[in-house]
Amino acid sequence: MEPGIALAPGLVHHPGWLDAASRAALQAEVAAVLAAAPAYTPRMPRTGKPFSVRMTNAGPLGWVSDAAGYRYQPQHPETGAPWPPLPPTVLRAWAALAGYAAPPEACLINLYGPEARMGLHQDRDERDLTAPVLSLSLGAPALFRYGGLKRTDPSRSIRLRAGDALVIGGPSRLIFHGIDRVLAAGDLLDPGEPALPELPAGWRLNLTARRVSPPVAGPVAAKP
DNA sequence: GAGTACCT
DNA sequence: AGGG
């Protein structure tokens with residue numbers, strides 16, 4: 001597993017982990033996901049207030065939020081279709097960085113317009129909290145804020161750029177985190193084929209791979 | 001098992 | 001910073 005920069009125990013930043021070719025490949029993979037599973041606007045539990053971020057998913061399960069609450073489900077909430085397969089680049093990054101044998105089951109794709117934000121929150125809807133969450137960034141840079149295990153713990157922010165990977169695991173698995181703001185220009189989406197017609201310059205895209213359920217028990221060790 | 005991926 |  002590659003070193004990266006430990007921001008806290010279990011919270012590891014890998015700046016520029018995806019090279020230009022991998023970023024282009026991932027963009028093409030995201031374009032395919034969006035074609036099969038269009039971005040939609042999630043809503044807050046109970047109040048139904050819309051998020052500023054748009055979302056879609058890939059993998060056997062996807063994270064969704066609406067007035068009924070947060071949950072993982074196998075189908076797109078609007079089309080009813082199963083989520084498309086996990087992008088190969090996400091699986092490759094997981095194998096290299098997650099330190100977890102079983103593959104991810106969900107890849108949440110967050111699409112941030114120039115004004116989009118994500119308030120401080122915990123990723124705690126997964127039953128398997130021993131697996132890390134792996135984040136990959138594309139497009140415009142953004143200010144990522146992270147704190148501690150309590151909402152009131154002090155927080156810091158770092159800049160995430162296109163190609164950065166971030167592993168959120170171990171003692172940091174349940175830290176509060178969010179996106180303060182997307183930064184203007186600077187990094188545009190790499191020109192790649194096929195382009196992402198739904199993603200104008202100035203947008204940021206984040207993919208988070210998650211293990212939702214504990215892996216089924218493997219072979220039992222032989223007794224002496 | 002609160003809530004709070006939101007808002008003031 | 002903190003709400004109910």
Side-chain angles (χ1 to χ4, degrees), chain A residues 7-8 10-11 13 30 33-34 37-59 61-78 83 90 104-160 164-169 172-183 198-199 203-214:
Chain A
L7 303 171
L11 180 64
H13 184 202
V30 170
V33 170
L34 287 168
Y40 69 97
T41 299
R43 296 185 170 267
M44 287 293 288
R46 190 159 172 277
T47 65
K49 285 182 176 158
F51 289 31
S52 58
V53 170
R54 291 165 60 74
M55 294 184 173
T56 189
N57 287 271
L61 292 171
W63 187 88
V64 299
S65 180
D66 59 23
Y70 305 148
R71 65 195 174 276
Y72 282 94
Q73 65 179 41
Q75 313 90 358
H76 191 289
E78 293 181 351
W83 302 109
V90 172
E105 294 170 293
C107 179
L108 172 62
I109 302 177
N110 290 152
L111 303 116
Y112 293 82
E115 304 301 314
R117 301 157 172 275
M118 179 77 76
L120 272 189
H121 67 279
Q122 295 170 301
D123 290 5
R124 49 177 288 179
D125 299 314
E126 302 74 31
R127 297 203 311 278
D128 184 354
L129 295 174
T130 68
V133 170
L134 169 67
S135 153
L136 299 173
S137 295
L138 288 177
L143 288 177
F144 172 81
R145 179 163 295 277
Y146 63 96
L149 300 176
K150 299 181 312 209
R151 183 180 289 278
T152 52
D153 286 341
S155 62
R156 293 200 35 161
S157 69
I158 61 165
R159 184 179 303 231
L160 290 181
D164 286 7
L166 188 68
V167 179
I168 306 172
S172 289
R173 176 61 180 76
L174 291 175
I175 58 165
F176 280 86
H177 61 281
I179 292 292
D180 285 349
R181 69 186 190 95
V182 175
L183 300 172
E198 291 136 287
L199 288 180
W203 282 57
R204 163 178 139 95
L205 208 142
N206 183 68
L207 297 92
T208 51
R210 299 112 183 269
R211 181 77 204 180
V212 178
S213 42

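All heavy atoms count here, side chains included; hydrogens, waters and symmetry mates do not. Here is the naming used below: chain letters follow the sequence lines, and residue numbers restart at 1 for every chain.
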- Task: Return the value, rounded to whole Å, for the distance between atom NE2 of A/His121 and atom P of B/dT4.
- Result: 14 Å

- Rounded to the nearest angstrom, tell me the gap between atom CZ in A/Arg145 and atom P in C/dA1. 10 Å

- Candidates A/Arg127, A/Arg210, A/Glu105 - the one meeting side chain to side chain donor-acceptor pair (under 3.5 Å) with A/Tyr72: A/Arg210

- Query: Can you tell me how far P of C/dA1 sits from CG of A/Leu120, to the nearest Å?
  - Reply: 11 Å

- Go ahead and write out DNA chain B as dot-bracket, 5' to 3': ( ) for pairs within the strand, [ ] for ones crossing earlier pairs, | when the partner sits on another strand, dots for unpaired; Watson-Crick or G-U wobble, both distances under 3.5 Å. .....|||

- Atom-pair distance (CD on A/Gln122; P on B/dG1), nearest Å: 10 Å

- Report the distance from atom CG of A/Asp153 to atom P of B/dT4, rounded to the nearest whole Å. 19 Å

- Query: Just one of A/Leu138, A/Leu34, A/Leu205, A/Asn57 clears the side chain to side chain contact (heavy atoms under 4.5 Å, CB included) bar with A/Ile109, so which one?
  - Reply: A/Leu205

- Note on the structure: Heavy atoms of A/Arg151 and A/Leu120 approach each other most closely as NH1-O, 3.3 Å

- Describe the nucleic acid contact of A/Asp123 in one word from base, sugar-phosphate, nothing, applying a heavy-atom distance below 4.0 Å. base

- Note on the structure: When A/Arg117, A/Met44, A/Arg43 are each screened for side chain to side chain contact (heavy atoms under 4.5 Å, CB included) with A/Phe51, the one that passes is A/Met44

- Give the rounded distance in Å between these two atoms: CZ of A/Arg151 and P of B/dG1. 15 Å

- Message: In whole Å, I'd like the distance from the CZ atom of A/Phe176 to the P atom of C/dA1.
- Response: 15 Å

- Message: Against A/Trp63, only a single residue in A/Asp125, A/Asn110, A/Asp123 fulfils side chain to side chain donor-acceptor pair (under 3.5 Å); can you say which?
- Response: A/Asp125

- Please state whether the rings of A/Tyr40 and A/His76 are parallel, tilted or perpendicular, taking 30° and 60° as the class boundaries. perpendicular

- Roughly, in whole Å, what's the span from CG in A/Leu174 to P in B/dG1? 11 Å

- Message: So A/Gly119, base contact, sugar-phosphate only, or nothing? Heavy-atom distance under 4.0 Å.
- Response: sugar-phosphate

